[in-house]
> 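There's a structure below that I have some questions on.
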Amino acid sequence: MSTITKATAAALGAGALVLTACGGSSDDAGGDGPIGISVHMIGYGTAPPDDDIIKTELDKALDIDIELTVAADEEEYYNQLATSLAGGDAPDLFVVNRAHLSQYVSQGLVLDLSDRLDDLADYKNLLGDDDKLRAGTIDDKLYALPKRLNYEYNSYWIRKDWLDNLGLEMPETVDDFFAVAQAFTEQDPDGNGQDDTYGLTGATNNALWNPLWAAFGAAPVGATGGGTFYVEDGQVVNSYDDPDLADALTYFNSLVAAGYVDPDYATNQNLQDHERAMQGVAGILTTDWPHMTKPEFVDQYKDVQPDAEWVQLGPLSGPAGPGAFPVEGYARTMYAVPSTLSDDDAKLSKIVELVNYLSGDEGNRLASYGIEGEHYTMSGDEVTLTERGKTEGEYFWLYLIPGRDDGEYLPVKFADQAAEIEFAANQAPLTMLGSLVTPPEGYNSADASTFASEQIARFISGELPMSEYSDFLATLKNDFGYQAYIDSGIEQLEALGVAE
């Protein structure tokens with residue numbers, strides 16, 4: 001039995017966690033033992049324990065020795081991946097996004113997997129739509145396997161008890177929404193006699209506005225600085241070029257200028273807007289169903305606001321028609337294989353077998369729920385978690401390399417939240433295509449994003465009048481190269497056939 005050395009662990013950097021792997025890969029030495037498969041990914045703080053039961057089961061089922069390396073930090077992950085790829089010592093299967101994939105393809109560092117698709121029937125079945133393979137396709141060749149998209153978790157949430165206290169109906173249009181925000185701010189909805197509430201709260205990620213863009217015929221800008229691409233009237237459009245964008249920004253500014261938005265929305269980070277709402281500061285926010293329905297979070301806000309009744313609110317309709325919630329149409333997370341394995345058919349076959357197994361019923365249930373009989377039981381096709389299954393397995397998802405069907409998984413894992421899960425998932429989608437676009441050479445996305453996000457925030461706050469929007473757009477396009485990004489993005493998306 002061998003383990004990863006301290007020197008190897010140190011080389012991966014402080015942001016990475018290296019897990020012990022049982023046994024050297026005897027296939028590399030020409031033996032007949034299990035084939036070693038190294039998998040590198042980003043876990044965002046999640047990591048398997050030393051006693052990794054999923055690894056044990058996979059090794060046994062597939063006669064492999066899987067070695068999982070999980071990085072906590074995305075930047076550190078890609079730095080180390082670039083080093084290993086350049087050095088010819090890349091992992092056998094590793095996470096990429098489209099921008100990095102495009103770079104690696106141009107350098108000849110990743111393998112064309114097109115001829116392996118026929119052996120990936122279970123994977124394609126789980127993916128559900130061959131169209132989703134576009135995310136990993138460059139120049140009509142498949143270089144990475146996209147994960148199945150998860151359900152949308154986020155939506156507007158609103159204080160129904162405040163609506164009831166003020167005799168208001170659930171808002172359905174942007175005009176209704178404005179009136180409710182005004183009432184929540186001015187009419188003492190919590191009845192404490194204090195002028196201490198606002199209509200809505202948010203954070204610097206601008207998710208606050210997500211359910212509203214489509215009501216004005218627009219799509220998000222400014223959340224991370226960039227606009228997004230989408231199809232409108234059969235044409236690929238970038239949101240910064242959409243003439244309806246000004247109407248959306250004007251509406252957002254009207255809410256802020258009237259004082260109906262928590263003034264801390266511009267500086268709140270991460271979950272600070274959630275904390276503010278749970279303390280009774282505001283009656284509307286955009287957040288995910290876990291933070292509003294899991295018992296530990298419900299208990300927190302009930303301790304502070306015992307009468308609070310939070311319910312989901314769908315996207316509002318507006319001048320452009322019915323509302324929609326912005327969702328990414330293609331996977332940002334994919335798995336690629338290094339070109340150094342081009343002649344190692346035995347290992348490639350095992351990688352395909354691993355992906356296929358994790359896509360099929362048995363393997364996907366293993367990586368979703370754990371071990372049958374210990375973490376879950378089966379009655380026909382119905383999965384029921386055991387008490388152990390309800391409390392263990394926070395790391396299992398790391399092994400869901402091909403993804404999962406949230407329609408099957410979430411109601412099992414979170415049975416008490418089934419209604420809220422369905423609500424968030426079934427919102428009418430505004431499909432965004434930004435994950436398919438690779439920035440052109442020379443485009444500095446960091447600088448452009450910083451400038452754009454700062455200026456959009458100033459338009460919403462009213463610091464900049466909308467009359468200066470055309471000047472802002474000209475500067476973004478010309479001085480920061482955004483026009484080249486738009487042109488390249490449209491060309492790429494049309495080549496992928498997304499507007500067909």
> Find the distance between CD1 (Ile158) and CG (Leu313) and round it off to the nearest 0.5 Å.
5.5 Å
> Taking the six-membered ring for Trp, are Phe94 and Tyr78 closer than 6.0 Å centroid to centroid?
no
> State whether the side chain of Ser449 and the backbone N or O of Ala446 hold a donor-acceptor pair below 3.5 Å, judged by distance alone.
no
> Could you check, using the six-membered ring where one of them is a Trp, whether Phe325 and Tyr156 have ring centers closer than 6.0 angstrom?
no
> For the backbone of Tyr409 and the side chain of Asp406, can you confirm whether one donor and one acceptor N or O come within less than 3.5 Å of each other?
no
> Sort out for me which residue in Met41, Glu67, His40 forms a side chain to side chain contact (heavy atoms under 4.5 Å, CB included) with Pro91.
His40
> When rounded to the nearest 0.5 angstrom, what is the spacing between CD1 in Ile54 and CZ in Phe396?
4.0 Å
> Under 6.0 Å from the CG atom of Asn270, do we count more than 12 heavy atoms belonging to anything else shown?
no
> When the ring centroid of Phe252 is compared with that of Trp213, is the distance short of 6.0 Å?
yes
> Measure the CD-CZ distance between Gln103 and Arg98 for me, rounded to the nearest 0.5 Å.
14.0 Å
> Arg404 and Leu410: side chain to side chain contact (heavy atoms under 4.5 Å, CB included), yes or no, with the steps?
CA-CA 10 Å; Arg404 69 189 182 213; Leu410 292 175; 4.1 Å; yes
> Work out which heavy atom in Gly43 is nearest to a heavy atom in Trp397; give both atom names and the distance.
O-CZ2, 3.7 Å
> Looking at NZ of Lys124 and CG of Leu117, how far apart are the two atoms once the value is rounded to the nearest 0.5 Å?
5.5 Å
> Determine yes or no for a side-chain-to-main-chain donor-acceptor pair under 3.5 angstrom, with Asn79 supplying the side chain and Glu76 the backbone.
no
> If you apply the rule side chain to side chain contact (heavy atoms under 4.5 Å, CB included), what do you find for Leu341 with Ile351, and how did you get there?
CA-CA 11 Å; Leu341 293 184; Ile351 291 172; 3.9 Å; yes
> If I compare all heavy atoms of Leu398 with all of Pro48, which pair ends up nearest, and what's the gap?
CD1-CD, 3.4 Å
> Checking side-chain hydrogen bond (donor to acceptor under 3.5 Å, both in side chains) for the pair Thr450/Asp447: CA distance, chi angles, key distance, verdict?
CA-CA 5 Å; Thr450 298; Asp447 287 351; 5.6 Å; no
> Looking at Leu126, is its backbone amide N or carbonyl O close enough to the side chain of Ser359 to form a donor-acceptor pair, meaning the two atoms are under 3.5 Å apart?
no
> Which atoms form the tightest heavy-atom contact between Pro338 and Ala90, and what is the distance?
CB-CB, 3.8 Å
> Hey, could you give me each pair passing side chain to side chain donor-acceptor pair (under 3.5 Å) that has a residue in residues 319-335? Not counting sequence neighbours.
Asp131-Tyr330, Arg134-Tyr330, Glu328-Arg332, Glu328-Ser435
> To the nearest 0.5 Å, tell me how far Ile138 CD1 sits from Gln492 CD.
8.5 Å
> For Gln107, look at atom CD and say whether over 12 heavy atoms of other residues, nucleotides or ligands are found less than 6.0 Å away.
yes
> Please test Leu142 against Thr137 for side chain to side chain contact (heavy atoms under 4.5 Å, CB included), starting from the C-alpha separation and ending with a verdict.
CA-CA 4 Å; Leu142 183 69; Thr137 301; 3.8 Å; yes
> Please examine the side chains of Thr83 and Asp89, heavy atoms only from C-beta on, and report whether any two atoms are closer than 4.5 Å.
no
> Go through it in stages, so that I can follow the logic: the residues are Gln305 and Met278, the test is side chain to side chain contact (heavy atoms under 4.5 Å, CB included), and I'd like the CA-CA distance, side-chain angles, deciding distance and then a yes or no.
CA-CA 7 Å; Gln305 297 279 309; Met278 297 308 102; over 6 Å; no
> Under 6.0 Å between the ring centres of Phe472 and Phe459?
yes
> Between Tyr482 and Ala452 (side chain of the first, backbone of the second, donor and acceptor by atom type, cut-off under 3.5 Å), is there such a pair?
no
> When the ring planes of Tyr399 and Tyr395 are compared, do they come out parallel, tilted or perpendicular, using 30° and 60° as the limits?
perpendicular
> Any side-chain heavy atom of Asp176 within less than 4.5 Å of one from Leu316?
no
> Looking at side-chain heavy atoms only, is the closest gap between Asn364 and Leu400 below 4.5 Å?
yes
> Do Asn154 and Asp288 touch side chain to side chain, with heavy atoms closer than 4.5 Å?
yes
> Taking the side chain as every heavy atom from C-beta outward, state whether Thr69 and Ser38 have any atom pair closer than 4.5 Å.
no
> Distance-only, no hydrogens or angles: does the Gln312 side chain make a donor-acceptor pair with backbone N or O of Glu420 under 3.5 Å?
yes
> Is a donor from one side chain sitting under 3.5 angstrom from an acceptor on the other, for Ser84 and Gln80?
no
> Tell me, yes or no, whether the heavy-atom count around Glu491 atom CD, taken from other residues, nucleotides or ligands under 6.0 Å, exceeds 12.
no
> Counting only heavy atoms not in Glu441, do more than 12 sit closer than 6.0 Å to its CD atom?
no
> For the residue pair Tyr443 and Ala448, what are the closest heavy atoms and their distance?
OH-CB, 3.3 Å
> Could you give all pairs that pass the side chain to side chain donor-acceptor pair (under 3.5 Å) test and reach residues 275-287, with sequence neighbours left out?
Asp262-Arg276, Asp264-Arg276
> Would you say that more than 12 heavy atoms from the other residues, nucleotides or ligands in this model lie under 6.0 Å from the CG of Asp129, or not?
yes
> Heavy atoms, side chains only, cut-off 4.5 Å: are Asp273 and Leu208 in contact?
no
> Do Ile456 and Ile460 have side chains that approach each other closer than 4.5 Å (heavy atoms only, starting at C-beta)?
yes
> For Val236 and Ala499, work out which heavy atoms get closest and say how close.
CG2-CB, 4.1 Å
> When you look at CD of Glu394, are more than 12 heavy atoms from neighbouring residues, nucleotides or ligands closer to it than 6.0 Å?
no
> Taking Asp112 for the side chain and Ser339 for the main chain, is one N or O donor matched with an acceptor at less than 3.5 Å?
no
> Can you check whether Ala474's main-chain N or O pairs, donor with acceptor, with Asn478's side chain at less than 3.5 Å?
yes
> Quick check: does any side chain N or O of Ser239 sit under 3.5 Å from a backbone N or O of Thr228, one acting as donor and the other as acceptor?
yes
> Please lay out, stage by stage, how Tyr485 and Phe229 fare under the test ring-ring contact (aromatic ring centres under 6.0 Å, His included).
CA-CA 11 Å; Tyr485 175 67; Phe229 292 90; 5.5 Å; yes
> Got more than 12 heavy atoms from elsewhere within 6.0 Å of CG, Asp299?
yes
> Can you tell me if Asp73 uses its side chain to pair, donor with acceptor, with the backbone of Glu75 under 3.5 Å?
yes
> For a quick test of reading the model, state the closest non-hydrogen atom pair linking Pro220 to Asn210 and the distance between them.
CG-OD1, 4.1 Å
> Are Phe178 and Tyr260 an aromatic pair by the rule of ring centers under 6.0 Å?
yes
> Is it the case that more than 12 heavy atoms not belonging to Glu468 sit under 6.0 Å from its CD atom?
yes
> So, do Phe414 and Lys294 sit near enough that their side-chain heavy atoms are less than 4.5 Å apart?
yes
> For the CD atom of Gln483 and the CG atom of Leu476, what is their distance to the nearest 0.5 Å?
9.5 Å
